[in-house]
Peer 1: 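Okay, here's the structure, questions in a sec.
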Amino acid sequence: MTSVSSGKSTIIRTERGLTIAGTRITLYQLMDYICAGYPPKLIHNQFYITDEQFNAAMSYIETNRTEVESEYQIVLQQAEEIRQYWEDRNRDRLAQIAGMPPQPDRQAAWAKLQARKARLAVSS
């Protein structure tokens, strides 16, 4: 692991990318919430990190915005490629499962679920 920040090693580069030292939390995970418009306090509470860790991460993101944003776009692209791979690979199996009738002991729950889905589709 190599240190990225000056002074204390608060933000480090690992095989996972830019990470908050002492955690498995990447800056890209924080970027998901930042890009979704979540307020900083909510992001901070979501990850159970110290004020120092959170402030260092936010400071690093602001200071190195282009680098972090560029790496974040790469991470998003890789995640989409992986999702697409597994969706393609499992398409036939998921279709087979969807076509199966519900188990006899679950028919009442299945009917209730289908009715709820129909109501939600109508109200949308």
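What you see below is based on every heavy atom in this structure, not just the backbone, and it leaves out hydrogens, waters and symmetry mates. Model, not experiment: these values are computed from the prediction.
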Peer 1: Between CD1 of Ile82 and CD of Gln84, what distance do you get to the nearest 0.5 Å?
Peer 2: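 The distance works out to 12.0 Å.
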Peer 1: What's the separation between atom CE in Met100 and atom CD1 in Ile97, rounded to the nearest 0.5 Å?
Peer 2: 7.0 Å
Peer 1: Are Tyr48 and Leu42 connected into the same hydrophobic cluster when the rule is that any two of I, L, V, M, F, W, Y join if their side-chain heavy atoms are below 4.5 Å apart?
Peer 2: no
Peer 1: Determine whether Leu27 and Glu71 make a side-chain contact, defined as any pair of heavy atoms from C-beta on separated by less than 4.5 Å.
Peer 2: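 No, side chains not in contact.
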Peer 1: Identify the heavy atoms of Phe54 and Pro40 that sit nearest to each other, and give their distance.
Peer 2: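 That would be CZ-O, 3.3 Å.
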Peer 1: Identify the two heavy atoms, one from Leu30 and one from Ala57, that lie closest to each other, and give their separation to 0.1 Å.
Peer 2: CD1-CB, 3.6 Å
Peer 1: Going by distance alone, is a donor N or O of one side chain under 3.5 Å from an acceptor N or O of the other, for Thr14 and Thr19?
Peer 2: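 There is such a pair between these side chains.
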Peer 1: More than 12 heavy atoms of other residues, nucleotides or ligands under 6.0 Å from CZ of Arg16: is that the case?
Peer 2: yes
Peer 1: Would a 4.5 Å heavy-atom cut-off, applied to side chains only, mark Gln114 and Lys117 as touching?
Peer 2: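 They are in side-chain contact.
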Peer 1: What are the two closest heavy atoms between Ile20 and Thr23, and how far apart are they?
Peer 2: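 Residues Ile20 and Thr23, closest heavy atoms: O-OG1, 2.7 Å.
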Peer 1: Can you tell me how far the CG atom of Leu76 sits from the CD atom of Glu69, to the nearest 0.5 Å?
Peer 2: 8.5 Å
Peer 1: What's the spacing between Ile11 CD1 and Thr26 OG1 if we round to 0.5 Å?
Peer 2: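 Reported value, rounded in 0.5 Å steps: 10.0 Å.
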Peer 1: Please determine whether the number of non-hydrogen atoms from other residues, nucleotides or ligands lying under 6.0 Å from atom CZ of Arg116 exceeds 12.
Peer 2: no
Peer 1: So, Tyr33 versus Phe47, ring centres under 6.0 angstrom or not?
Peer 2: yes
Peer 1: In Å, rounded to the nearest 0.5 Å, how long is the span from CZ of Arg106 to NZ of Lys112?
Peer 2: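 Here the interatomic distance stands at 15.5 Å.
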Peer 1: Does Asp92 CG have over 12 foreign heavy atoms under 6.0 Å away?
Peer 2: no
Peer 1: Check whether Gln73 reaches the backbone of Ser70 with its side chain - one donor and one acceptor, N or O, closer than 3.5 Å.
Peer 2: no
Peer 1: Measuring from atom CG of Asn90 to atom OH of Tyr85, what distance do you get when rounded to the nearest 0.5 angstrom?
Peer 2: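 These two atoms lie 8.5 Å from each other.
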Peer 1: For Tyr28 versus Leu18, what's the shortest heavy-atom pair and its separation?
Peer 2: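 So the minimum-distance heavy-atom pair works out to OH-N, 3.1 Å.
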Peer 1: Please check if the number of heavy atoms outside Arg91 that lie under 6.0 Å from its CZ is greater than 12.
Peer 2: yes
Peer 1: Could you tell me whether the side chains of Tyr38 and Asp32 share a donor-acceptor contact shorter than 3.5 Å?
Peer 2: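 There is no such pair (donor and acceptor under 3.5 Å, judged by atom type) between the side chains of Tyr38 and Asp32.
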Peer 1: Please walk me through it: do Arg24 and Glu15 pass salt bridge (Lys or Arg N to Asp or Glu O under 4.0 Å)?
Peer 2: CA-CA 11 Å; Arg24 292 180 51 112; Glu15 66 279 354; over 6 Å; no
Peer 1: Do Asn55 and His44 meet the criterion of a side-chain donor-acceptor pair at a distance under 3.5 Å?
Peer 2: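 No.
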Peer 1: Please report the closest heavy-atom contact between Thr10 and Gln53, naming both atoms and the distance.
Peer 2: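 Closest pair (atom of Thr10, atom of Gln53, distance): CG2-CA, 4.3 Å.
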